[in-house]
Each structure stands twice: as structure tokens, then as C-alpha cells.
Amino acid sequence: MSPKAAPTPENKAAVDKVSFYSAWCKRCGNCVAFCPRKALGHDEWGYPVLADPERCTTCGLCEMLCPDFALSVGEAPAQPGAAAVPKGSRVAPTTSPERLAPEPAPKENGHG
Amino acid sequence: MARPRARLLQGNEAISLGALAAGCNFFAGYPITPASEITEIMSRELPALGHPFIQMEDEIASLGACIGASLAGKKAMTATSGPGFSLMQENLGYAAIAEVPLVLVNVMRGGPSTGLPTNVAQGDVQQARWGTHGDHPAIVLCPATVGQCFELTVMAFNWAERFRTPVILLGDEVVAHMREKVALPAPEEVEVIERRQPTVPPDWYVPYKTDGSLIPRLASLGQGYRYHVTGLVHDERGFPTRRPDEVEPFYARLFGKISRHFSDLELVRAFELDDAEVVFIAYGCTARAAQAAVRIGREKGLKLGMLQLLSLWPFPRRPVEEALTGRRMALVPELNMGQISREVKRVNNGRTQVLRHGKMDGNMITPDELLNRLREVK
Amino acid sequence: MPPVHRSVVYGWLRHDKKFPHVWCPGCGLGILLGSLLRALSQSGLDKNQVVLVSGIGCSGRLPVYVDVGSVHTTHGRALTFATGIKLAKPELTVITVMGDGDATAIGGNHLIHAARRNLDIKTVIINNQTYGMTGGQYSPTTPLGAKATTAPYGHIEPSFDISALSATAGASFVARSTVYHVTQLDQLLGQLIAKPGFGVVEVLSPCHTNFGRQNRLGSQVDMMLEFKKRGVRVERWQKLGPQEREGRYPLGVLVDRQQPSFDDSYQAMAAQAAALRREKQP
Amino acid sequence: MNQKESPSLGRVEVRLAGSGGQGLLLAGLVLAEAAGLHDGREVAMVQSYGPEARGGASKAEVIISDAAIDYPLCSRVDLFLALTQEAADAYSWDLKPGAWTLVDSDLVKHPPTSRALRLPFTAVAREKLKKPMVANVVALGALAEVTGVVSRRGLEKALLARVPPGTEPLNKKALSLGARMAREYLGQDASQPQPEAHSEDI
């Protein structure tokens, strides 16, 4: 099951904050492990989902640490490849992973 | 037009002047006897003309820089001798598979290894054909006079651009270091072939797609055509592929673009061949000895003739077949133990008796030696 | 600097190239690629002005994904091709991407000479301390004692410090970061692109598939957290004593100096040569 | 070009031998340019390279011919100049019988043939011109005078085009000194015997 399939009212906020492109995702777990707010989790297949949208500050770190360009923070661009920066996207380039990164989480989902 | 003024020129000088006349505007090299003069002359000429020259840290780097410069639109050349030629083989293969035009001059000396640095030899003939790993076509030209050094260097550049391939000029120590009186054509009289550029907008450019010529058009880096160049087998877009239905046509095209022009690429010079009973098949400095032997032999009534090979690869099969047909004997003198005589025997196919005359003592074969050899085998 | 949205990064990826890319799940090369694309998009450069050159190995596959002129060369020779390109077209921004084996083993000679020559080439060396693509053999940066498929009893050779080597050889700009410190990496790559002369950014990156597995270092996440633990910003590094420095390394700009670049010196020499020639042949 | 003035020569093989630093490469170049560019003949020249050209016995070979030159090296030397004993020994094995042979009388005590012309090129350069390095030019002057393979006028033109600026008078003087030395030695005028045509009997 792809996390992007059929947005329901419950996960609409999640889709708005982080877009996942499962075709490119290799389920490495970087985004989940390094989310400073632990807002991301895994679905039953190991794909990332925005488990707790309330905690997500759209800091953009998961996007930067994703080696596969498989997720996008902020409003999803109309189409991948659109050159313009969509209005309202919030990315904090000064976010320091050293400052924000959590201690290693137990490997619940067996990543890596 | 002014009559060309005769000059006393060294073979290496003539190669350099030929390169400049053909539009060479990039040189990267590493000094090595007996090819260093070319690097020295280019270091003097190119900066004054506003073109790049660089002495790299080794021969591998020299050919790498030439490939880079050629991809960026320059007519690039490097010059080396045996040890450097060995180092260049991997990048030579790269230039062949990525179809990068450039000219590589190898002035042959005694080998293997450091061998006989200041002595003459012709031991790199098969290396020029088969030195790099994998199978690929090769174009190799071989001058025997200072004048031919100039002419064949111009031709090497023209063929590199026309066929989008590296072309090797295989000189030897005698021809490269020899000085002769030559009258070179004025630069405006030299025919120069330019690279075919794409004429479609960048979005429509498919870098390795070809028209009927089998030779793709090469856009220069930084001209708005953004594409990928790789030493991996690639598809028409330049992206790596291992699909048999893409790999097989790729190799077919790589060979086909050369093989369909064999008749243009087979360059020879006949000397007193018409009624010859015994024919020398020779190349490089050895052709000079063979021609002298023909002259001396003819003065004594011997019906001798010579076929000089100006292109060694693709091997000039048809002219050699013609030269062998109806003769009593063919003798192939060369400064190795039989690198071209093997080819001559291959195409001879029972036409006549083919003998080799190999020599590897660091000296030229003399006309006397050839005439004595004929006397022995009579 | 304005924020870089992923959509801008997507704009620098090649749309006719198949994704996902060839690298292992979690490989730092993908993170570096994203970082490089953010730095490029912020540099103000036109895609047509940029040429990306790589050698062989995992890192060699990076340029093919980027929508610029890209050249995937022979093993260790990226800098030689880049030298030819830069000399031929000085107006281009030429960036080479190499691995540690590529840059410091087979291509070590080219690295030190490119640094000495100070031709304006921007070099990114991704250091995963092993030969990843060929199966985890030891490289010039494999730590003493580490296991490799060609060092089954532990590695016995001291390793190169890529940044120190580049600095000593004469590079104008030398910096180190890791794929964990991705925001710092963005900045350093931006500085690298802007800096004239030969510049090197060494990027530590995990190879959990080969190096990590052989040395029981866990997942790429564990290896990246190790970078966090050991990497120290250069400003802080300078205040550390020898004992505190043990097992750690400085991150950030290590060398930033002004010196004549090869391009400038060559232009000056060529102008002089042309003038001399005009004098001789009026 | 003064092709018409130049007498027919056939093929003449010239070998200039000595040790590195004696200026034999320059002498060869001047001879080749004089014969080729000023006398209108065909010429080919080869020389020693590498360590041999710096120390040891070095040589320059010039083929001068009325017809196009096929074989570019000496195989039967018609004209041999040796400025050291080592060079005289090393490079005299393929002299044609009766070849003109010129040796430095002080430096070559044992000439390769009894007919060799022994002239004190180096001593004259040192004593009369105070410049031992122009011994090569003195020798060239003598060689031209004795053999006539190259015109005196062509030789002078070619020489002056090759030597460093400012040394022209010195070199001109060295050339005529060499010629005079040869005339005196032969005790006759400059009317020299023509060289035999290159022998082709193999």
C-alpha cells in the first residue's frame, strides 16, 4: 500500500506537509531516523509515512537526507520538475542536524 | 599565390606544422624521446596563437586532457613514444567508444619497456591496432618522409573529425628526427574538414543518433546541448545500457562507420610496380630503404618494385592484394619480427610467395641488406 | 540565501534518465547529489555553464543524473578530462566528483598535480573509506585495522587524509563535511563553486553495504551518527587539545587562500607570447 | 636558387663526427641548408640523439643529391670529417674507398686512412680566432674548399642565418680561415676534383 494513495480527510494534512514518491523510495529509513521531531514512521511495508503531522515543522531535513529524492516537504509542486519554488514552501536551510538530530532510535522497523 | 618556399624541416617539426595547418588548437603532452620536439614546438606556437597548451603529469593525463578538450570543441593532439603509448591505451579505448575525435602521434622507438630510446623501431604496429582492450576499429597512418609527416598529420585531423574517432599517426625515430628539404603548402591551400555539429534545437538533440552516415554529430560541451558522455556502452541518448538489442547495434555502428569507407582509408604509394617481378611491401622509414633497393636493383636490370603503405589500419587489403597478384615474390621488410608481414600473408591467400625481413638491432634496414636477402632467396 | 525547494532540485535532475538511481538504499551519494544540486541552483549558474565530470566507481555514476553536460571518464582520470575541458572553455564551471579510491589511489597523481597547478576545477571527493562498487576492497583511506575484502586480517597501511593532502599540494580551497552534516555540506559546496582556483570538498559518506557490513558498523544511520560524534566544526577543533582530538576530525573550511590560478597565468603568458610574435613579424 | 651553377653531383653522403659540444649538429644543419636551400639540391640529414649526442661519439649525416633522396642515411660515406679519435674510430667503418676524409690533426692521431687530410681545425680556432668553439666552422670551410659539394657562397649564407646575432664576423672569418688552410695544405688552387658518382655496385 502506498502512503500516497487516496488521501482521506484524516491524512490530508500529511499529504500537504510531506509528499512521498514511493516509486523512487528504497525504504532506507534515513527520513524516519533523522526526523528531529520524530514525526515520521513506517507503514507496514517499510515505506515512510507522516505518522504525526502535528509534530512536523516542515524543517526539510528529511528531504535533504533522503538519498533518493523520494520525498518532498512543503506543498507538493504541481509536477516534479517545475522549476519555480512554490509559494508557501517552508524550508529552513540553516537547520542544523547536529542540533536537532535525535539519539539513535531503536530499530523497530529494521532499516538498513 | 606565392610559390611555397623550400625549408629544411625535421619530421617532428613537419608534424607540428601539419597539425597547426589542420586547425589543431589544443595540445597536452608529456616529454619523451623521440617525440619531445612536437611538445616543445606546440608549447611555443599555441600560446602565441591564443590556444591552450599544457604539459601534463604523465601520458595518461595528456590523453585525458585531449579527450576533455575535444569534447569541449577543440582539435586536440598529443604526441608520445612507446612507453607513453602503452600508458595511453585505456583512454584511447575511451576515445574510441565515446567517439571523440583527436590525433595521437606515436613516434616509435625500440621496445618493449624503455628499450632503445634513441633508436629506431617499428614494434608498435600491432599495438596501435590492438593495444586497448575490447574490440574496436582503428585508423593508423604512417609517414616515411618529412613531407608525408605534414600531409598525413593534416589527414589524421581530417579523418578524426570526419569519422569522429581517434586517429594515430605512427612515426618512427628516423622519420621524426630526420631533416629534409620540403616545400609546404600555404595554410590556405590545406583542405581542412570541420566537425559536424548538431543543427537541431538542444531539446531535439539525441547525441548518438545518426543519419545514414553512421557518424553522430558531436555538440561541444557548454553550447547548450546537455548530454552524457561515458565509456560504458551507451544507447542513442548516451546513457549506459546492457540491453542486447542496444549493445549489438552500437558495436555494429562503431565498426560500420569505418568499414564502409575502407576504399577511402586505404592509402598506398606505388613505386616502379607495373612490371615488377619482386615487390617490397614497406612502410615508414623502411620504405626509404626499399625504394633505394628498387632503384639500385633496377639499375642492374632486376625487376623490383615497391608498395609503400601510408595507412596501416585499416589494413589496405585491396591494394596489397593487387600488388601481390602476378608477382614472383613479395618481401616485407620491417623493424620488428613480422607485424605487417603477418597481415600481408593473411591477405596473400596463395597469390605469391611472401617473405618477411625483420630486424631489431636499433638501426635502419639498408638497401644492401634487402638486395642481399633477395640474392639469398633466389 | 533563499530556501531551495525540492522542485528546484528536480529541475536539475535529468528527466529522461531512469530513477531510482543505481546506489544502495541509504547511500550517501544520493544525499551528496541533492546537496550539490541545491548548491548549483543557488549559485546562479545556468545549466549550460556547468560540466560535471566523474571517474569510475559508485561516484562515477553521479553525473549521469544531472541535467548538465556530463562526462563519465576512466578510473582515476576525471581531473585530466576536466583539465582539458576547462582549458578549452575557461568560461565553464567544471566540477569533478570522485571517490576516495578514484581520487587518491589510481588518480592520486592527478589530484596533487591539479592542486599544484591551481586550475579552476571544483572537486568533490566522496570518501567512504572503501572500494564500494567492486565489493569492499581497501582504499587509501581505509582506517588501520579495518577489515576489507582484500584485508581479511585487518588493514595494515596508514591512510591518507584527503583534505590535508589537497591542502599541502596547493589547493586554493579545502573543506570537509559529511553527508550527515547536510546543511553544512550545502554551504561548503556553494563556497566551492564560488571560489576561483582548484578547490576540494571532502565528503565523508557511509558505505554500509560493504565497509559497514565487514566491520560490523551497523546501518547507514548508525554510520552517519558516528560522523556526528566524531566530526567537530573547525572553529571548535582549533580549541581542542591533542587528547580531545583523538578519533575526531575537523569539519568546515580548512583552507581558503588567494593565489594565481593557472587560467589567469596562462592568459597572461599567452598575451606575452602573442606580443613577442607580433614584434618579430611586424 | 642557383641550380644551374651547381655542378652535377649524383648522391654524396657526408658524415660529420666528433664529440658532444663540438658543434657538429650545427655544422650539419649549415651544410644541409647551404646545399638544399642555396645550391638547390635535395638534402636529408640525421643526427645522434640523447646521451650519445652530449658525450661520447656523436655524428650528423647529410645526404646531398641531385635527385630525390630515397635512403636518408649514409651507407657508403663519400665525405668524412672527424674531430676526435673516438669518432674517427667509431664511424669510419663504412667509408667508401677513396672517400674524402678530413681529420683534426691534433685530436685524431690515427686517421682511418692514409689519405686523410690532417688539418689543425681546433688549434687554428683557438690560436688565430681565440674561440675554440668555432673549430666546426673552420672545418666546414675546409671541407667545402676541398670537396666542392657545397658552394662557398651558399655555405656562408646558411651559416650567417644560423649563428647567434653578433657572431657573424667571427664565423665568416672562421669559414675563410678554414678554406685558406685547406688550399695551403693541398698546395694548389681551389679547382677541386669532382666527387665520383655514388657507387651502386652492391
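Every value quoted in this text rests on a predicted model; they were computed, and no experiment measured them. Here is the naming used below: chain letters follow the sequence lines, and residue numbers restart at 1 for every chain.
The two residues Gly26(C) and Cys28(A) have their closest heavy-atom pair at N-CB, 3.1 Å. Listed here is the closest heavy atom pair of Met224(C) and Leu65(A): CE-CD2, 3.8 Å. Gly29(A) and Val221(C) make their closest contact through O-CG2, 4.5 Å (heavy atoms, listed as atom of the first residue, atom of the second, distance).
In this structure, chain A has a heavy atom under 4.5 Å from the side chain of Leu13(C), while its backbone stays farther away.
Note that the CG atom of Asp68(A) and the CG atom of Leu29(C) stand 11.0 Å from one another [nearest 0.5 Å].
Residues of residues 17-25 of chain C that come closer than 4.5 Å to chain A, counting heavy atoms only, are Phe19(C), Pro20(C), His21(C), Val22(C), Trp23(C), Cys24(C), Pro25(C), ordered by residue number.
Counting heavy atoms from C-beta outward, Val9(C) and Glu63(A) have side chains that stay 4.5 Å or more apart. Tyr10(C) is listed as a side-chain neighbour of Tyr21(A), based on a closest heavy-atom distance under 4.5 Å.
Atom CD of Glu91(C) sits in a crowded spot, with more than 12 heavy atoms from other residues, nucleotides or ligands closer than 6.0 Å. Summarising the local packing, NZ of Lys195(C) is surrounded by more than 12 heavy atoms from other residues, nucleotides or ligands at distances under 6.0 Å.
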